[in-house]
Amino acid sequence: MLAPQQTWWKPLHRIERSWVLVAFVWCIFLTIMMPIWFFMGRQNVPVTTYRVDAETYQQLVADFVDQYQVDTLSGVPVVEPPPNSDVYLQARQWQWYPVLKLKKGETYRLHISSLDVQHGFSLQPTNLNLQILPGYDYVATLTPTQSGDFALVCNEYCGIAHHLMVSKIIVTE
Amino acid sequence: MTAATMPAPGAKAEFRSCPVTGLQVDLAAEKLIKANAVAAVVFLLIGGFFALLLALTRWQAIHLLPADWFYRILTGHGFDMLVAWIVFFEVAGLYFGGAVMLNARLIAPKVAWVAYVLMVVGAVLVNVMTLLGGSDVMFTAYVPLKAHPLWYLGVILFAVGALVAVILFFATIVVAKRENTYGGTVPLVTFGLIAAAIIALYTLLSGAVAFVPAFLWAIGILPKVDPAFYRNVFWSFGHPAQQINLAAMVAIWYALAALTVGANPVNEKLSRWAFVLYILFINLGSAHHLLVDPGPSFAWKATNTSYAMYLAVLGSLIHAFSIPAAVEVAQRRKGFTRGLMEWLWKAPWREPGFSTLVISMSLFGFIGGVTGVVIGTEQINMSAHNTMRLPGHFHATVVSGTTLAFMGLTYYLIPLIFRKELKLKKLASWQPYVFGGGMLLVSVGMIVSGLQGAPRRHWDITFTGAPIDVALPGAVHISLAIMGVGALIAITGGIMYLAVVLASVFTGPTREASRLTLVMSEENPLVEHAVPNLGKEPEGKLTPRGSLTLAFIFLAFFVVYYLSNWWLLGRAWYIR
Ligand code: HEM
Ligand SMILES: [Cu+2]
Ligand SMILES: [Cu+2]
């Protein structure tokens, strides 16, 4: 444990060399899997982001709801936008707004932003999670591949009623 | 061992000669080591009590605390454990590695005391402000959640104190080198601590860049702090801070291997290179906290999380072989050469230092390391971010790995530093198994809950009272109960640790240890078995084939878990 007396600068042992080599190859594989999935995979982290202030975003959401509202659920509007359109979801303490109704197999440009603190977009059980920040409009190109009711949970601590900030995404066939 | 060298003339420090190691122990350094170690244990005690409350709340069948207290206690637990316990212990370790192990004097002990007071005042301030309410922001304090200004001030004071301690450590090493207190190169353990301290330097500076603006914003001087900027600098502090733990823990692994079976690294060069990889590359891994944040591009995220992180992972993979190999070669030298694994079966399993080494390495590697690389993969992070998989991962690293390693080392430092005989040895011998076994359940329970979508930092995953009815899969209750049961076991292990430490330090008779002995036997492997590495390769019967096998088993597990996570992600909705 104490200072080595002999020189420790000696060549690697054969066994060590082979382990280091195998480990290195594995690390290379870990690295290239990400670009491979980026080009070939169908689940990639959205990158499109715009800066937006809370008032502007709130207005976008209000217009969106006015345009496509079809129903109300527990006082929250249910909105059914057409495929390939821009969809706006707003996070604030402690509500997701509005409830979205989407079609299976169709693609939507889902905008998400927060009006106050940070929130977490957590869609279950498909298990997709995104960090939502105030001041940033995060745009995900999303295609539901299953139908049914999906839980939308807030998974970034956002204050005392954080656990009540849940909603649904309804996907029809 | 190095022969004791007297301090250079002119150095004013007072020394005692340690009869065990022959080292000249600087009395001022010794007092500081004690003070920092005591503070560390006190915060571990508080944080551990908080842990009990949290686990009993997240165990949905018990659901102990009300929501406000859950978040309050969670803020306190994160800070007391991750920041206070770990950093106080590391500062004690730095003074030990910098002064005692190098036979040197600690320069400017007065300044070191100032650092200590800053850290204590800071940590107490954070705890008081947290418990008073109004600062329920988690230890990450993501803006624009706002805490009381004194809360930020407490964090800043603590960080400044720690920074001063790190700088003193470097100064001590430089002076020791100049005064020529030790022969040859610095010991591997000190080398590891130097790696840790280099990381600590830029870590703590990033901490200042995060918390100072937040403080100015909280008192109204700055109009706002950008949340994306804050997250970036916070994690430049928060993540590398974990690499300090990592480097310190690995250094302790080498120490425990040497202490309990007389193991020398088969190849010091390789081990040292692995530390260098940490210093160079691990700082960039901080980006993996921002993988699903709006803003950065794929190239930025993937680059920062990969080339950098994976070279650091390479460092860990190297240690994962070289430490077991060192143990194996030492055991084989003692004649345990039959078969692939006799060296392992005949190891001193009742010796807490040895069981700590094995449990800490296994849980850290198999659970903490593997899950860390997996959730740190850019795309896979999407199916893990902010779920219980996160606390599952870091309780395996920083608790089963680092905290257990720190605990195991304590048993050997008490006779040396406090000059007390260790009491309750039986308890000490069992402690690593109880604590490690409990933490295994905690981590696995958390990870399995997270895989089913359970969010972290969440008071009620049944969402009772929410206007819209949603539910997680019912099996989540089972995995959370497993976590809860594990927590009770782990906390029992924590109490055992505290009992041994407190009984030894406060009730044991002061006794000059005459020689370094193991806890569970009278042997001294350092002296009796340490076979000097004469620069020859371990060959024939001494070849560490068993460790290579273990390393490949580990790699196989790693590969399977990694690939199955890609498969899981592939079943999710399409997203881009
Ligand atoms: C008996 C031991 C322990 C148990 C049972 C335990 C349990 C827990 C639980 C239940 C949570 C809450 C998870 C959540 O709701 O998100 C938590 C969070 C956490 N724990 Fe522990 N813990 C233990 C020890 C430790 C130690 C020793 C450390 C650090 C060295 C630590 C660091 C943390 C951190 C950083 C968090 C996250 C805080 C946050 O999300 O802000 N824990 N722990
Ligand atoms: Cu929220
Ligand atoms: Cu929330």
Side-chain angles (χ1 to χ4, degrees), chain A residues 1-6 8-10 12-13 15-16 19-20 23-24 26-27 30-31 34-35 37-38 41-47 49 73-75 117-118 120 122 124-131 133-136 138 140-145 151 153 155-157 160 163-164 166-168, chain B residues 1-2 67-68 138 142 144-145 182-185 187 189 227-228 255 258 266-270 291-295 297-298 302 306-307 310 313-314 317-318 321 378-379 382-383 385-386 453 455 457-460 463 465-468 470 472 533 535 537 543 548 551 569 572-576:
Chain A
M1 184 168 75
L2 301 176
Q5 261 140 37
Q6 296 79 29
W8 39 268
W9 205 251
K10 61 188 166 76
L12 294 182
H13 187 277
I15 275 199
E16 280 169 329
W19 171 250
V20 172
F24 185 71
W26 174 238
C27 290
L30 294 176
T31 306
M34 289 190 286
W37 193 275
F38 182 75
R42 292 201 263 218
Q43 292 83 9
N44 270 290
V45 180
V47 287
T49 306
L73 181 71
S74 307
V117 300
Q118 306 192 14
S122 177
Q124 300 299 339
T126 186
N127 206 356
L128 289 175
N129 306 277
L130 298 170
Q131 185 77 22
L133 308 182
Y136 293 83
Y138 202 2
T141 308
L142 188 71
T143 313
T145 55
V153 177
N155 72 0
E156 180 57 81
Y157 170 73
I160 183 71
H163 64 283
L164 297 179
V166 289
S167 181
K168 268 184 194 178
Chain B
M1 286 192 192
T2 24
D68 53 348
M138 311 290 115
Y142 290 145
L145 277 179
Y182 58 97
T185 38
V189 173
V266 178
N267 191 319
E268 287 243 353
K269 169 182 165 187
L270 189 62
L291 291 178
V292 296
D293 275 26
S297 67
F298 167 77
S306 70
Y307 90 89
Y310 296 152
V313 169
L314 182 63
L317 288 172
I318 291 176
F321 171 71
E378 205 244 4
Q379 293 95 339
M382 240 183 340
S383 55
H385 182 69
N386 274 356
R457 298 176 162 176
H458 201 278
W459 177 64
D460 183 10
F463 316 112
I468 295 178
V470 298
L472 294 176
N533 232 341
E537 292 195 349
T543 320
L548 194 66
L569 179 67
W573 290 10
Y574 301 162
I575 186 169
R576 180 123 220 157

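Proteins get letters first, then strands, A, B, ... in listed order; numbering begins at 1 in each. When reading the values below, keep in mind they use all heavy atoms of this one structure, side chains included, and skip hydrogens, waters and symmetry mates.
For A:Thr141, the parts lying near chain B are the backbone and the side chain together; criterion is any non-hydrogen pair under 4.5 Å. Heavy atoms closer than 4.5 Å to chain B are found in both the backbone and the side chain of A:Trp37. Of the two parts of A:Val153, only the side chain, counted from C-beta on, holds a non-hydrogen atom closer than 4.5 Å to a non-hydrogen atom of chain B. Looking at A:Pro125, neither its backbone nor its side chain comes within 4.5 Å of chain B, counting heavy atoms on both sides.
At least one donor-acceptor pair closer than 3.5 Å links the side chain of B:Asn386 to the backbone N or O of A:Asn155. B:Glu378 contributes no side-chain N or O that, together with a main-chain N or O of A:Met34, makes up a donor-acceptor pair within less than 3.5 Å. Between the A:Asn127 side chain and the B:Ser383 main chain, a donor and an acceptor come within less than 3.5 Å of each other.
Between chain B and the options A:Ile160, A:Val47, A:Thr126, heavy-atom pairs under 4.5 Å are most frequent for A:Thr126.
Between B:Gly465 and A:Leu164, the shortest heavy-atom distance links the atoms C-CD2, 3.8 Å.
When side chains are defined from C-beta on, B:Ile468 counts as touching A:Leu73, because their heavy atoms get closer than 4.5 Å. With a 4.5 Å cut-off on side-chain heavy atoms, A:Ile15 and B:Phe321 count as touching.
Judged as a ring-ring contact (aromatic ring centres under 6.0 Å, His included), and not counting sequence neighbours, the contacts of B:Phe298 are A:Phe38.
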